[in-house]
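Step one of this worksheet: look at the structure below.
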Amino acid sequence: MLYKPALALLLCLTLSGCFHMQLVGSVGNATVTVAPLRSPEQVLASASSYDPAQWIADIGEDKWTQQSSFVQLLAVGMARPVIPELDPDALYLITATGGEDYDPRGRVKLSQSPEAVQGSWHAIASGQRIMDGNLKVSALSEALYQQFRLRFSQWSDAELKQRLEATAQLVIGDVDDSGSVDYNDVLDFSRSLDGNDFLGSLNKLDALAAAVAAGQPATALRTQAEAAVGKTTVDLNFDAGTVTLRTLNWDTPITAANFLGYARSGFYDSGLVHRAIEGFMIQMGGFAAAGEDDNGRVIIERLEAGDPIINEAGFAPSNTRGTLSMARTTDPNSATSQFFINQVNNSFLDFASSQNPDGYAVFARVISGMEVVDAIAAEATVSVSGVGSDVPARGVVLESVDVR
């Protein structure tokens with residue numbers, strides 16, 4: 001029989017404003033506050049998370065000790081501040097401070113020697129998500145908070161939500177079994193229950209948790225958070241060889257998630273390098289090689305891309321040799337599926353440059369295989385009606401794309 005602790009966990013699924021404080025394990029006796037995102041000093045509600053002593057005081061020691069260590073761990077860390085009426089669409093900041101981590105070694109059972117937490121960690125959530133309840137304030141939610149905290153003043157809530165959704169697709173699986181991945185999966189993530197759904201290194205996520213527990217400064221937390229968000233490794237398998245890259249999930253999450261969505265779907269497989277200019281770049285993602293005609297010439301078909309994305313060039317690194325950027329029209333927010341690999345340093349494509357003030361958004365960097373890029377860029381080219389004037393004459397094919 002589960003008794004009250006486990007029943008309370010089930011009840012938390014339905015209670016408005018129910019939170020769970022977590023780092024590696026559940027954190028008891030932490031203080032949790034809710035405030036407007038851009039005015040964290042205006043605390044709207046606060047509470048303390050439950051520790052074992054509070055559960056024993058509520059239900060008695062006999063019932064508490066009858067629970068498994070795992071159920072006890074899940075019960076610790078719960079908090080339910082009295083939440084005032086919130087704007088469902090507005091973003092709020094949930095801050096957890098102090099307390100003790102009751103599973104600091106990640107053993108998925110309640111430790112008898114919890115470790116003190118010296119610092120604070122956070123989650124960003126809409127008013128509606130807070131009212132829905134069962135929201136986890138975790139090392140993962142802290143990673144995304146650190147990713148964007150210096151830019152809150154630059155974006156509207158809607159713009160920030162876009163970026164939170166994009167990073168979620170880069171770091172987590174379908175935790176809530178909704179059939180798709182979104183930011184709700186970050187807010188539902190429990191290190192104790194959902195570790196297998198984290199797409200990056202759990203060791204790096206735990207390192208961020210340890211930095212919070214040690215009370216390290218914001219600059220150190222930001223460094224650990226960037227490592228936890230990580231990079232995604234991708235192989236571009238050309239007929240000329242393989243180019244391996246890593247996406248810049250921290251800098252340009254919308255662009256990286258957009259590229260990886262096409263890559264995972266097989267959209268780029270059998271794609272054609274339709275523009276190659278030696279001393280500049282090679283470009284692909286707009287056309288496919290659909291076999292050969294009777295004369296051995298590649299049959300070209302145009303690919304139908306999805307919706308355009310916003311231009312993140314203002315937050316991207318420079319278009320140096322070996323970086324990948326999104327191709328676009330003169331409209332800065334028109335990029336869809338086409339991308340290019342810079343063969344040389346092309347700083348004139350950077351944001352705020354005199355020639356291209358809106359810039360071209362770098363979203364990945366080559367880590368091996370630039371000799372393949374150089375070979376493709378050196379191919380003889382011809383003009384092809386409906387495609388362009390710098391098409392490699394022999395038909396260079398991107399045979400497949402593997403996301404690791």
Side-chain angles (χ1 to χ4, degrees), residues 18-35 37 39-55 69 72-81 92-125 135-150 152 171 186-187 189-193 195 198 200-230 250:
C18 182
F19 302 103
H20 199 273
M21 307 301 111
Q22 299 191 345
L23 283 172
V24 177
S26 302
V27 180
N29 201 32
T31 299
V32 57
T33 61
V34 180
L37 177 63
S39 302
E41 71 285 352
Q42 296 178 15
V43 175
L44 303 176
S46 64
S48 293
S49 62
Y50 264 56
D51 63 10
Q54 289 170 299
W55 274 116
S69 180
Q72 290 176 343
L73 177 64
L74 295 183
V76 166
M78 288 174 48
R80 189 177 180 241
Y92 296 86
L93 182 65
I94 302 100
T95 303
T97 304
E100 296 86 33
D101 191 329
Y102 277 83
D103 186 19
R105 301 292 176 267
R107 294 170 180 166
V108 199
K109 62 180 181 179
L110 189 75
S111 172
Q112 299 306 308
S113 302
E115 293 188 1
V117 176
Q118 304 296 328
S120 297
W121 67 109
H122 309 80
I124 302 167
L135 188 155
K136 313 295 195 305
V137 187
S138 69
L140 181 57
S141 67
E142 171 68 9
L144 272 68
Y145 166 77
Q146 289 293 338
Q147 184 178 12
F148 301 119
R149 68 178 177 83
L150 299 180
F152 290 160
V171 299
V186 171
L187 298 179
F189 174 76
S190 164
R191 173 67 174 83
S192 302
L193 295 171
F198 183 62
S201 165
L202 282 173
N203 288 337
K204 291 179 180 178
L205 190 64
D206 290 347
L208 172 59
V212 171
Q216 291 190 12
T219 51
L221 295 182
R222 185 172 169 83
T223 298
Q224 297 288 357
E226 183 173 357
V229 169
W250 181 266

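Everything numeric in this text was worked out from a predicted model, so none of it was measured. All heavy atoms count here, side chains included; hydrogens, waters and symmetry mates do not.
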V24 to P104 - nearest heavy-atom pair and separation = CG1-O, 3.8 Å
message = Could you measure the distance from the CG atom of L135 to the NE2 atom of H20? Nearest 0.5 Å is fine.
response = 12.0 Å
message = What I'd like to find out is whether the side chain of L93 reaches to under 4.5 Å of the side chain of F152, using heavy atoms alone.
response = no
task = Considering non-hydrogen atoms only, spot the tightest contact between G98 and V27 and give its length.
result = O-CG1, 3.6 Å
message = For H122, is there any backbone N or O sitting under 3.5 Å from a side-chain donor or acceptor partner on S141?
response = yes
message = Let's go through I124 and L37 carefully: what are the C-alpha distance in whole Å and the side-chain angles of both, what is the deciding distance for side chain to side chain contact (heavy atoms under 4.5 Å, CB included) to 0.1 Å, and is it a yes or a no?
response = CA-CA 7 Å; I124 302 167; L37 177 63; 4.1 Å; yes
query = Does the side chain of L193 reach to within under 4.5 Å of the side chain of L74, using non-hydrogen atoms?
reply = yes
ask   = Measuring from T223:OG1 to L208:CG, what's the distance to the nearest 0.5 Å?
value = 10.5 Å
query = Once you round to the nearest 0.5 Å, how far does CG of N29 lie from OG of S49?
reply = 6.5 Å
request  = Could you check if a side-chain atom of S26 sits within less than 4.5 angstrom of a side-chain atom of L73, using non-hydrogen atoms only?
outcome  = yes
ask   = Is there side-chain contact between R191 and L140, with at least one heavy-atom pair below 4.5 Å?
value = no
Backbone N/O of E115 and side chain of D101: donor-acceptor pair under 3.5 Å = no
4.5 Å side-chain heavy-atom contact, Q146 and W121 = no
ask   = If only atom types and distance count, is the side chain of S69 paired as donor or acceptor with the main-chain N or O of L110 below 3.5 Å?
value = yes
query = Under 3.5 Å, is there a donor-acceptor pair linking the side chains of S192 and Q22?
reply = no
key: Minimum side-chain heavy-atom gap F198-K204 below 4.5 Å   = no
request  = Please report the closest heavy-atom contact between T97 and S120, naming both atoms and the distance.
outcome  = OG1-OG, 2.8 Å
request  = Enter the distance from L205:CG to F189:CZ here, rounded to the nearest 0.5 Å.
outcome  = 5.5 Å
Non-hydrogen side-chain atoms of V137 and M21 separated by less than 4.5 Å = yes
Pair R149 + E142: basic N to acidic O under 4.0 Å = no
task = Write down the atom of S46, the atom of V43, and the distance for their closest heavy-atom approach.
result = CB-CG1, 4.5 Å
ask   = Less than 4.5 Å apart, any side-chain heavy atom of P81 and any of F19?
value = yes
query = Closest approach of Y102 and P114, non-hydrogen atoms and distance?
reply = CE2-CG, 3.6 Å
query = Can you tell me how far the CD atom of E100 sits from the OG atom of S111, to the nearest 0.5 Å?
reply = 11.0 Å
